[in-house]
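Lettering follows sequence order; numbering is per chain, from 1. Below, each value reflects all heavy atoms present in this structure, side chains not excepted, and no hydrogens, waters or symmetry copies.
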Protein chains: 2
Amino acid sequence: MTTSSTTQGARARARIEVTAAIKDEARRQLAAEGAAKLSLRAVARQLGMVSSALYRYFPSRDDLLTALIIDAYDSLGERAEAAHHAVADAGPLSRWTAVCEGVRDWALAHPHEYALIYGSPVPGYSAPDTTVPAASRVGLVLIGIVREAHEGPGLTDVPLPTELRPEAERMTADLAPDLPTEAVTALVAAWAQLFGLVGFELFGQFNRVVEDRGRFFRHAVAGLGRGVGLR
Amino acid sequence: MTTSSTTQGARARARIEVTAAIKDEARRQLAAEGAAKLSLRAVARQLGMVSSALYRYFPSRDDLLTALIIDAYDSLGERAEAAHHAVADAGPLSRWTAVCEGVRDWALAHPHEYALIYGSPVPGYSAPDTTVPAASRVGLVLIGIVREAHEGPGLTDVPLPTELRPEAERMTADLAPDLPTEAVTALVAAWAQLFGLVGFELFGQFNRVVEDRGRFFRHAVAGLGRGVGLR
DNA sequence: TCATTGTGTGAGCACTGCTCTCGCTTGAGA
DNA sequence: TCTCAAGCGAGAGCAGTGCTCACACAATGA
């Protein structure tokens, strides 16, 4: 045991490659057919291996899905971070809408992966804690925008009823102790509402209702940003 | 042919009963295990019939799901309408939050049915137009609240950028020509955002983030209502 | 009365996730 | 350098799935 260093034997390198190949093929099937039709046997078949061999790499279908979920969160998180960096010198509200549009663009480009992470959780499946860091990335970008606004041009005041103050302060301590608790609370709500907009567009709820969805989305998320105190 | 009247033969009545029994058992399995694990064979087994017999009533698994979807939409719609009637003499904003809380309560009580209609669409499944009337009921309740506010105490002004005006007027003509286009546009956005809040709570996105979810929800939807112009 | 229709049966197809045993190959320690 | 456990792939097999089809029986309407 105690095999430590980076340059492992051919065995270990092969394992990494095969694992990646399985995930790639699985992602391809996911994009083509959706999570429910992702079949271990079909993945193995496509890779020219027998289905049981695949269990050497992923102990179950759910574990494969978990790997794909983490990748999807990371992919979306990267997109949000990239969108943020691309408009680094704009005002807070512009940065906010840019990040939101990055999220929407990613979702439209990867509908099945979006459904995997923000749609209904698959069967009895419940995401393990492993996914938490990747899942947090979009939220962290949004917090970053509020923070920069707070330290820079400032935030407008948003109301917070007293009955919610204990919970608001709990959340603030957890998420961003350096920010006004009103802004943090509004941010959490806006975060959820953002994905309501994206989900409704993606899952067909806007069919026959909203046509010019890009413009509608831009307007709606600008409203969200203002609700958080950005300007 | 041309069998017309209500009091059909025993055959027809039996068909209705069996159809209902199938849906009931299917709903039971849906609530217990979720849509993906709903099995025609298991339903048939539970009902003491052979699986192929079930195809006399529902031509495919998707058709059974469609029936359940419509029922779920109707159940949710009823709940929203009941919540509305229960606070008929309150102010518009109170009525708004009451309806939103009705939606949330229903979702928490029927998580799998909620996932079925507002989560990611099942496999390759895409909901047929049959579901539209049932799916519209919650939206109609919300429109009704805005209408009563408009005809009664009035709506506060909400901004609408000129670039969105054409789309906003299209939506208004479709949904509620008698209401201010600013309010209708804001309403559509709030409608989607409402389900973002519900979905995040139900699908675990609020785990480790929001604890006092009832209060948080109440606060957030009050903000949504204000964004539409209610007071 | 008789033919048509509706309904339940059971076998069967092609597929799924997953398990288990069997050998081959690899690579680290003696 | 040799050895032997561990890693890995093959294949058979189990229990389950959605769905189809030929068949038999019962209800219905002409």
Side-chain angles (χ1 to χ4, degrees), chain A residues 1-23 25-26 29-30 32-68 116 122-126, chain B residues 1-23 25-26 29-30 32-68 121-126:
Chain A
M1 302 299 161
T2 64
T3 54
S4 55
S5 163
T6 53
T7 322
Q8 292 277 6
R11 204 81 274 159
R13 225 166 321 139
R15 172 165 251 280
I16 293 174
E17 274 172 29
V18 174
T19 306
I22 292 171
K23 283 208 293 186
E25 179 56 33
Q29 290 196 16
L30 176 64
E33 299 274 16
K37 289 199 177 170
L38 192 161
S39 150
L40 283 187
R41 294 182 106 110
V43 170
R45 210 178 300 132
Q46 205 66 28
L47 263 48
M49 40 169 54
V50 88
S51 71
S52 58
L54 219 143
Y55 285 82
R56 302 283 183 195
Y57 299 88
F58 296 93
S60 82
R61 187 179 177 278
D62 277 3
D63 291 84
L64 216 198
L65 273 181
T66 300
L68 294 180
L116 190 61
V122 191
Y125 175 85
S126 97
Chain B
M1 303 296 160
T2 65
T3 54
S4 54
S5 166
T6 53
T7 319
Q8 292 278 4
R11 206 82 265 169
R13 226 165 323 136
R15 172 165 253 279
I16 292 175
E17 274 171 29
V18 174
T19 306
I22 292 171
K23 283 209 292 186
E25 178 56 33
Q29 291 196 15
L30 176 63
E33 298 274 15
K37 288 199 177 171
L38 193 161
S39 149
L40 283 187
R41 294 181 106 111
V43 170
R45 211 178 299 132
Q46 204 66 28
L47 262 50
M49 40 169 54
V50 89
S51 71
S52 56
L54 219 145
Y55 285 83
R56 301 284 181 197
Y57 300 88
F58 296 94
S60 81
R61 187 179 176 278
D62 277 3
D63 290 86
L64 216 197
L65 273 180
T66 300
L68 294 180
V122 193
Y125 176 85
S126 98

> Whole-Å distance between C:dT16 C1' and A:L54 CG?
Replying inline: 14 Å
> Residues two or more places apart in sequence or in another chain: which of them pass side chain to side chain donor-acceptor pair (under 3.5 Å) with A:T19?
Replying inline: none
> Roughly, in whole Å, what's the span from CD1 in A:I22 to C1' in D:dG9?
Replying inline: 12 Å
> Rounded to whole angstrom units, what separation is found between the CZ atom of B:R11 and the C1' atom of D:dA27?
Replying inline: 5 Å
> Within less than 4.0 Å of OP1 or OP2 of C:dG6, is there a side-chain N or O belonging to B:R15?
Replying inline: no
Under 3.5 Å, side-chain donor or acceptor atoms of residues 38-46 of chain A against the rest of the protein: list the pairs with distances, not counting sequence neighbours.
from  : atom 1 : to    : atom 2 : distance (Å)
A:S39 : OG     : A:R41 : N      : 3.3
A:S39 : OG     : A:A42 : N      : 3.0

> Is B:F58 touching bases, backbone alone, or none of the nucleic acid, heavy atoms closer than 4.0 Å?
Replying inline: nothing
> Rounding to a whole Å, what distance do you find between B:Y57:OH and C:dT9:P?
Replying inline: 10 Å
> Can you tell me how far C1' of D:dG9 sits from CD of A:E17, to the nearest Å?
Replying inline: 17 Å
>> On a heavy-atom basis, which atom in A:A67 and which in A:F58 lie closest, and how many Å separate them?
In response: CB-CE2, 3.9 Å
> So A:D63 and A:T66, side chain to side chain donor-acceptor pair (under 3.5 Å) or not? Walk me through it.
Replying inline: CA-CA 5 Å; A:D63 291 84; A:T66 300; 5.5 Å; no
> CG of A:L64 versus C1' of C:dC18: gap in Å, rounded?
Replying inline: 14 Å
> What's the shortest heavy-atom distance between B:A35 and B:L65, and which atoms?
Replying inline: CB-CD2, 4.5 Å
> Quick one: what's the B/S/- string for nucleotides 13-24 of chain D, heavy-atom cutoff under 4.0 Å, read 5' to 3'?
Replying inline: B---BBBBB---
>> If the condition is side chain to side chain donor-acceptor pair (under 3.5 Å), which residues does A:E25 pass it with, not counting sequence neighbours?
In response: A:R28
